[in-house]
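The structure appears below as structure tokens.
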Amino acid sequence: MMGGRRTTGSLAIWAACAALYGCDAELTGSSAIRVFGRTGVGPGEFSYPRAVARTDEGRLFIVDKSGRIQVLDDAGEPVISWELPESDAGKPTGLGLGPDGRLYVADTHYSRVLVYEPDGVLVMSFGTRGTAPGEFLLPTDVAVDHESFIYVGEYSGNDRISKFAADGTFIMTFDGSESGGTALARPQSLTWGPDGNLWVADACNHRICWFARDGELLGTFGRSGDEPGAMRFPYGLDWLSDGTLIVAEYGNNRIQRFDREGRSLGIWGRAGRRAGELAYPWAVAVGEEDDIFVIDSGNNRVQVVPAAVVRAASGTTTASAYTKVEP
């Protein structure tokens, strides 16, 4: 295990200054950022959006606290929307896409997963409330692999990931502790990495974990803090085409780019309401040419950040409490 150290060099100092003190340099390139959405419940409007999934064809599925799922194109133009079956108890926090194009919804407060066709037709639902294997308390996110196995994260006592067959039949559960690591604490976001492994935003442990498809913990990095290389409540994950990881930090009001060994490659964003500023970002999705769609939840909008802007926020740290679990 390697302890994180503060960076050296002018670029790293710039990144640390921007992240900690809100220097104007952090907003360099903000004129290149596109913003769409505003507060409301009409088409293209949002009431605290919390999750996004993007298709290869440029369709964005976004769920918010109005109890509906909206489909928009990459320009933010509404395509279709539909209401969830129930939402009085609470709203979903995670969305995933399967290889068949279906949308998988972590229906958090109803302890289940909903499966929709892309046009909003509900085709399957599975899950019941409980702590037994195959049951859920508060599911957070869903990731489906290339063989259509379904992985569901959850928290509020279970704090684990469960694996299901395509028809919702329970297979196994894991949380990292059985591989010698620290157990998960609110696995908020699940995504498939370029290495074919399942990468997890372990939010309340302020770290990133990755697992083999059989549940074996392969490695972790991260620590709590606001300096480069540290994180505070990482909620959203996605990958750039160069194999670097984009992390939305709910607690630090920013996104951070990492390599796969936990080195911070740059920070973008700070708390605020202007373009280039964020309020409790929950999720990210990478689009064409590595544009990054940031779900700016507290501002009821989506910010589209060109990858060049994020890469310009450069500076490399040492690995951030990186641990590779040996087989």
Side-chain angles (χ1 to χ4, degrees), residues 50-53 63 65 67 69 84-98 102-116 124-145 148-179 181-192 197-217 220 222 233-237 247-248 250-251 282-283 295 297:
R50 294 195 294 187
V52 62
V63 65
K65 283 190 172 183
I69 294 170
L84 294 162
E86 300 169 279
S87 62
D88 288 346
K91 317 305 189 290
T93 66
L95 302 174
L97 290 168
R102 288 176 170 174
L103 180 71
Y104 292 73
V105 180
D107 196 8
T108 308
H109 297 273
Y110 289 91
S111 306
R112 64 188 177 186
V113 173
L114 305 173
V115 185
Y116 289 94
M124 187 173 76
S125 173
F126 67 90
T128 57
R129 183 171 180 81
T131 59
E135 297 178 337
F136 302 126
L137 287 178
L138 296 174
T140 54
D141 200 14
V142 186
V144 186
D145 69 16
S148 297
F149 289 103
I150 304 165
Y151 297 73
V152 183
E154 56 178 320
Y155 79 111
S156 187
N158 286 348
D159 291 288
R160 63 190 180 186
I161 297 169
S162 297
K163 181 178 180 179
F164 299 85
D167 63 357
T169 300
F170 173 75
I171 297 175
M172 65 178 296
T173 188
F174 54 92
D175 69 356
S177 60
E178 67 277 9
S179 301
T182 301
L184 297 168
R186 188 168 181 153
Q188 177 56 50
S189 181
L190 285 59
T191 190
W192 297 105
N197 295 316
L198 182 67
W199 288 66
V200 179
D202 188 11
C204 292
N205 282 325
H206 311 288
R207 66 177 183 174
I208 306 300
C209 306
W210 59 102
F211 295 85
R213 292 198 301 149
D214 63 1
E216 179 187 2
L217 177 66
T220 71
F233 298 105
Y235 269 18
L237 301 177
V247 180
Y250 178 89
W282 271 72
I295 300 302
S297 302

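Note: hydrogens, waters and symmetry copies are ignored here, and every other heavy atom, side chains too, is used. When a residue number appears, it is its place in the shown sequence, counting from 1.
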Going through the checks in order, is the side-chain contact (heavy atoms from CB on, under 4.5 Å) test met by Leu217 and Phe174? CA-CA 9 Å; Leu217 177 66; Phe174 54 92; over 6 Å; no
When rounded to the nearest 0.5 angstrom, what distance separates CG in Leu184 from OH in Tyr155? 14.5 Å
Would the distance check show the side chain of Lys91 and the main-chain N or O of Leu84 forming a donor-acceptor pair, the cut-off being under 3.5 Å? no
Compare all side-chain heavy atoms of Glu216 with those of Phe211 and state whether any distance is below 4.5 angstrom. no
For Tyr235 and Tyr250, take the angle between the two ring planes, folded into 0 to 90°, and tell me which bin it lands in: parallel under 30, tilted 30 to 60, perpendicular over 60. parallel
Roughly how far, to the nearest 0.5 Å, is OG of Ser162 from CD1 of Ile150? 11.5 Å
For the student: nearest non-hydrogen atoms of Arg186 and Cys204, plus distance: CB-SG, 3.8 Å
Measure from the side-chain N and O atoms of Gln188 to the backbone N and O of Ala201, and report whether any donor-acceptor pair falls under 3.5 Å. no
Without swapping roles, check the side chain of Thr108 against the backbone of Thr93 for a donor-acceptor pair under 3.5 Å. yes
According to salt bridge (Lys or Arg N to Asp or Glu O under 4.0 Å), who are the partners of Asp107, at least two apart in sequence or on a separate chain? Arg112
Heavy-atom nearest pair, Leu114 first then Pro85, reads CD1-CD, 3.8 Å
Go through the steps to decide whether Val144 and Arg102 satisfy the test side-chain contact (heavy atoms from CB on, under 4.5 Å), and finish with yes or no. CA-CA 10 Å; Val144 186; Arg102 288 176 170 174; over 6 Å; no
Would you find a donor on one side and an acceptor on the other, under 3.5 Å apart, between the side chain of Thr140 and the backbone of Gly153? yes
Identify the two heavy atoms, one from Ser297 and one from Trp282, that lie closest to each other, and give their separation to 0.1 Å. OG-CD1, 3.0 Å
Apply the ring pair (Phe, Tyr, Trp, His ring centres under 6.0 Å) test between Tyr151 and each candidate in Trp192, Tyr104, Phe164; give the one that qualifies. Trp192
Apply side-chain contact (heavy atoms from CB on, under 4.5 Å) to residues Leu103 and Ile69 and explain how you reach the verdict. CA-CA 10 Å; Leu103 180 71; Ile69 294 170; 4.0 Å; yes
From Glu154 atom CD to Glu135 atom CD, the distance as rounded to the nearest 0.5 Å: 9.5 Å
Can any side-chain N or O of Thr220 pair as donor or acceptor with the backbone N or O of Ile208 at less than 3.5 Å? no
Take Val142 and Leu95 through the test side-chain contact (heavy atoms from CB on, under 4.5 Å) and record every step on the way to the result. CA-CA 6 Å; Val142 186; Leu95 302 174; over 6 Å; no
Here the pair of heavy atoms bringing Arg160 nearest to Thr131 is NH1-O, 3.2 Å
Smallest heavy-atom separation, Ala212 atom then Asn197 atom, equals CA-OD1, 3.8 Å
Does Ser111 reach the main-chain N or O of Leu138 with its side chain, forming a donor-acceptor pair under 3.5 Å? no
Any donor-acceptor pair under 3.5 Å linking the side chain of Thr173 with the backbone of Ile161? yes
Donor-acceptor check, side chain of Ser87 to backbone of Gly67, threshold 3.5 angstrom: yes or no? no
Mind checking salt bridge (Lys or Arg N to Asp or Glu O under 4.0 Å) for Arg50 and listing every partner two or more places apart, or none if nothing turns up? none
At what distance, to the nearest 0.5 angstrom, does CG of Asp202 lie from OG of Ser189? 11.5 Å
Closest contact, heavy atoms only, Asn205 versus Ala183: ND2-O, 2.9 Å
